[in-house]
Amino acid sequence: MVRFGKTLLKDVGVGINKTLSEFLVCPLSKQPLRLCEKTNSLISDTIGVSYPIVDGIPHLVPADGKIIETNDASDVAASPGVK
């Protein structure tokens, strides 16, 4: 049990498990989300909203989403490490 716990906790504070992020969709548009490691958030490119990841937990409540300004969206999309 301890080994399993260490495996789960090794990425805490780094963001979210990349495998998990592949299954998550935007709660508003129902479209896939893109993981942005630079801002530690999940981005819905369809509607231009960023959902924060806090302590490895994505906050996908629409009220927690932040509308991305046009300039911010291009900066985030152009950053390295973004899928």
Side-chain angles (χ1 to χ4, degrees):
M1 184 69 167
V2 173
R3 290 182 187 162
F4 181 70
K6 286 182 182 178
T7 302
L8 287 175
L9 294 175
K10 74 177 183 175
D11 293 330
V12 169
V14 176
I16 188 172
N17 184 313
K18 289 183 182 182
T19 305
L20 175 62
S21 70
E22 293 174 2
F23 293 104
L24 297 175
V25 296
C26 175
L28 299 172
S29 69
K30 309 298 187 234
Q31 297 299 311
L33 294 168
R34 175 174 49 88
L35 176 63
C36 179
E37 294 174 354
K38 178 181 175 185
T39 61
N40 197 29
S41 62
L42 293 168
I43 309 290
S44 175
D45 291 320
T46 306
I47 60 174
V49 174
S50 172
Y51 297 98
I53 300 171
V54 180
D55 294 330
I57 301 170
H59 289 223
L60 297 177
V61 177
D64 291 340
K66 175 185 167 191
I67 296 174
I68 301 172
E69 298 297 327
T70 312
N71 294 339
D72 294 342
S74 62
D75 292 342
V76 171
S79 66
V82 175
K83 288 199 322 189

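The structure presented is a predicted model; accordingly, all values stated were derived computationally and were not measured. Only heavy atoms go into these numbers, but all of them, side chains included; no hydrogens, no water, no symmetry mates. Quick note: residue numbers are just sequence positions, from 1.
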- Note on the structure: dist Q31:CD -> T46:OG1 (nearest 0.5 Å) comes out at 4.5 Å
- Least distance between heavy atoms, L35 atom then I53 atom: CD1-CD1, 3.8 Å
- Message: Please determine whether residues L42 and V54 belong to a single hydrophobic cluster, defined as Ile, Leu, Val, Met, Phe, Trp and Tyr linked transitively by side-chain heavy-atom distances below 4.5 Å.
- Response: no
- Item | Shortest non-hydrogen contact between D45 and R34, atoms and distance | OD1-NH2, 2.7 Å
- Item | Spacing of I68 atom CD1 and I43 atom CD1 [to the nearest 0.5 Å] | 4.0 Å
- So, for L28 and Y51, which heavy atoms are closest and what is the spacing to 0.1 Å? CD1-OH, 3.7 Å
- Task: Work out which heavy atom in I47 is nearest to a heavy atom in C26; give both atom names and the distance.
- Result: CD1-SG, 3.6 Å
- Query: Hey, is the main chain of I57 close enough, under 3.5 Å, to the side chain of D55 for a donor-acceptor pair?
  - Reply: no
- Listed partners of S50 passing side-chain hydrogen bond (donor to acceptor under 3.5 Å, both in side chains), at least two apart: S41
